[in-house]
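A, B, ... follow the sequence lines: proteins, then strands. Residue 1 opens every chain.
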There are 2 protein chains.
Amino acid sequence: MNKQPQVTEQTKANIRQAFWELYAQEPIEKITVKQITDRAGYNRATFYLYFKDIYDVLAQIEDNLLDVLEQLINRRLLRESEPDFSEHMGVFLELARRYSAQFLVLLGDRGDPAFASRFKQVLAPILDRFLVSERALSPREAALLHEFYLSGLLSVVVAWLRDPQGMTIAEFVPFIVNDVCNAHL
Amino acid sequence: MNKQPQVTEQTKANIRQAFWELYAQEPIEKITVKQITDRAGYNRATFYLYFKDIYDVLAQIEDNLLDVLEQLINRRLLRESEPDFSEHMGVFLELARRYSAQFLVLLGDRGDPAFASRFKQVLAPILDRFLVSERALSPREAALLHEFYLSGLLSVVVAWLRDPQGMTIAEFVPFIVNDVCNAHL
DNA sequence: TAATTAGACAACAGGCTGTCGAGTAATCTG
DNA sequence: CAGATTACTCGACAGCCTGTTGTCTAATTA
């Protein structure tokens, strides 16, 4: 029986955690490997056993987060034969709440714009199922309308996450459906 | 007559230009002062006469861009007693086109998320004049709706800029007004 | 013409990065 | 259970980048 890999995983997790605590406080370009390993309690060289550089740590965290999102979408949302927007929104908002600490940092002012792009790519197929228009749009117009809703919805969800004293999911969903999206659902 | 300041300004402009050429190609954290000054044809130390660090160069470029935008808004748009959304949009799109190279980089995947925030703050007062809702919204709801449109419109404009072969301003404005925003104008 | 100022630079100290080889502890094998 | 092997961690090194200081040159001023 091999017990070592657990040590490795624990070490990686500790380093990721230390990185994340720093990343929530200061921009990534000010963070040094020494800061991270000091905080995690390892030698600086140990960092390089598990990560290529500091951006690799961030990438792993992002990949993991997008994986969770993708699983949710593929397993719970895209399978339904009669999709319901409110239900989809509710499910998504629960996930957003659970990972709000990460989302708020990654999508915030010190965050990673590339993450926002990837996030939107993952969400795109869901929006496709609901977006309609009065008038028949050209492919180009449809793509732009899609981009509008994708960015708008993502931003409004982030704004909602930023205000923990604000609306509950039960209040927020009908607001989105009735007041924000009423034109194109 | 003092001719020196012109030399200074030219030097700064050369350094800014060299930085920008690099920034369009690679992420800012990979850029070194040496790269910039080599490209601009100065000694590395000269850089520090005019800029605090590399982020200071970016900040100056961003400030300048937001200044231009703010001037446009204060002088041409907010003064009108009977504002017209289509006209505002058209004026804004001309500016966006003129500076599209900068906007596309700053608002793109390798860009600066803080710039997007500041950009939206500058645009906010304009949107305030046009955004309405069927139902009376609470302040919290109104803020969220505002955020939705601000982010959505900015993203759709960026998507439009990315596609130079795409719609003209004359085609794009009515699309925005009639197909995208029809619910809340 | 002499003094002052602006502009540019070479050189230095200090910090961070990425790597390599050595050391220690845990696991496997005969 | 003893010796070999593997997993894991660390100290140390070379090289690059940063930010600053003092110096040199050329232009401006008096």
### Message
Is A:Thr8 close enough to D:dC8 that one of its side-chain N or O atoms is under 4.0 Å from OP1 or OP2 there?
### Response
yes
### Query
Looking at DNA chain C, which of residues 15-27 of chain A put a heavy atom within less than 4.0 Å of it?
none
### Message
Considering every strand and a 4.0 Å limit on heavy-atom distances, what is the contact class for A:Tyr50: base, sugar-phosphate, or nothing?
### Response
sugar-phosphate
### Message
Test of understanding: with salt bridge (Lys or Arg N to Asp or Glu O under 4.0 Å), list the residues that count as partners of B:Asp128, not counting sequence neighbours.
### Response
none
### Task
Provide, to the nearest angstrom, the distance between the CD atom belonging to A:Glu29 and the P atom belonging to D:dC17.
18 Å
### Message
At less than 4.0 Å, is any side-chain N or O atom of B:Thr11 found next to OP1 or OP2 of C:dA8? Yes or no.
### Response
yes
Would you list the atom pairs, donor with acceptor, under 3.5 Å between side chains in residues 12-19 of chain A and any protein atom, with sequence neighbours excluded?
{"from": "A:Asn14", "atom 1": "OD1", "to": "A:Gln10", "atom 2": "NE2", "distance (Å)": "2.9"}
{"from": "A:Asn14", "atom 1": "ND2", "to": "A:Gln10", "atom 2": "O", "distance (Å)": "3.3"}
{"from": "A:Asn14", "atom 1": "ND2", "to": "A:Tyr42", "atom 2": "OH", "distance (Å)": "3.1"}
{"from": "A:Arg16", "atom 1": "NH1", "to": "A:Gln60", "atom 2": "OE1", "distance (Å)": "3.3"}
{"from": "A:Gln17", "atom 1": "NE2", "to": "A:Glu21", "atom 2": "OE2", "distance (Å)": "2.8"}

Would you give me the side-chain donor-acceptor pairs under 3.5 Å for residues 80-96 of chain A, sequence neighbours excluded?
{"from": "A:Asp84", "atom 1": "OD2", "to": "A:Glu87", "atom 2": "N", "distance (Å)": "2.9"}
{"from": "A:His88", "atom 1": "ND1", "to": "A:Asp84", "atom 2": "O", "distance (Å)": "3.0"}
{"from": "A:His88", "atom 1": "NE2", "to": "A:Leu77", "atom 2": "O", "distance (Å)": "3.4"}

#### Entry: Any residue meeting side chain to side chain contact (heavy atoms under 4.5 Å, CB included) with B:Pro174, in chain and number order, not counting sequence neighbours
B:Asn178
### Message
Tell me every residue that passes salt bridge (Lys or Arg N to Asp or Glu O under 4.0 Å) with B:Arg135, counting only those two or more places apart in sequence or in another chain.
### Response
A:Asp179, B:Glu141
## Note on the structure
Rounding to the nearest 10°, end axes of the helix from C:dT1-D:dA30 to C:dG30-D:dC1 built from five pairs each make an angle of 0°
### Message
With ring-ring contact (aromatic ring centres under 6.0 Å, His included) as the rule and sequence neighbours excluded, what pairs involving residues 161-181 of chain A come up?
### Response
A:Trp160-A:Phe172
### Query
What pairs with A:Lys52 under salt bridge (Lys or Arg N to Asp or Glu O under 4.0 Å), at least two apart in sequence or on another chain?
none
### Query
Under 6.0 Å between the ring centres of A:Phe103 and A:Phe119?
yes
### Task
Sort and list the pairs that fulfil side chain to side chain donor-acceptor pair (under 3.5 Å) and have at least one residue in residues 95-116 of chain A, not counting sequence neighbours.
A:Asp109-B:Ser117
### B/S/- contact track for nucleotides 18-24 of chain C, protein heavy atom under 4.0 Å
BBB----
Table please: side-chain donor-acceptor pairs of residues 63-70 of chain A below 3.5 Å, with sequence neighbours left out.
{"from": "A:Asp63", "atom 1": "OD1", "to": "A:Arg118", "atom 2": "NH1", "distance (Å)": "3.2"}
{"from": "A:Asp63", "atom 1": "OD1", "to": "A:Arg118", "atom 2": "NH2", "distance (Å)": "2.6"}

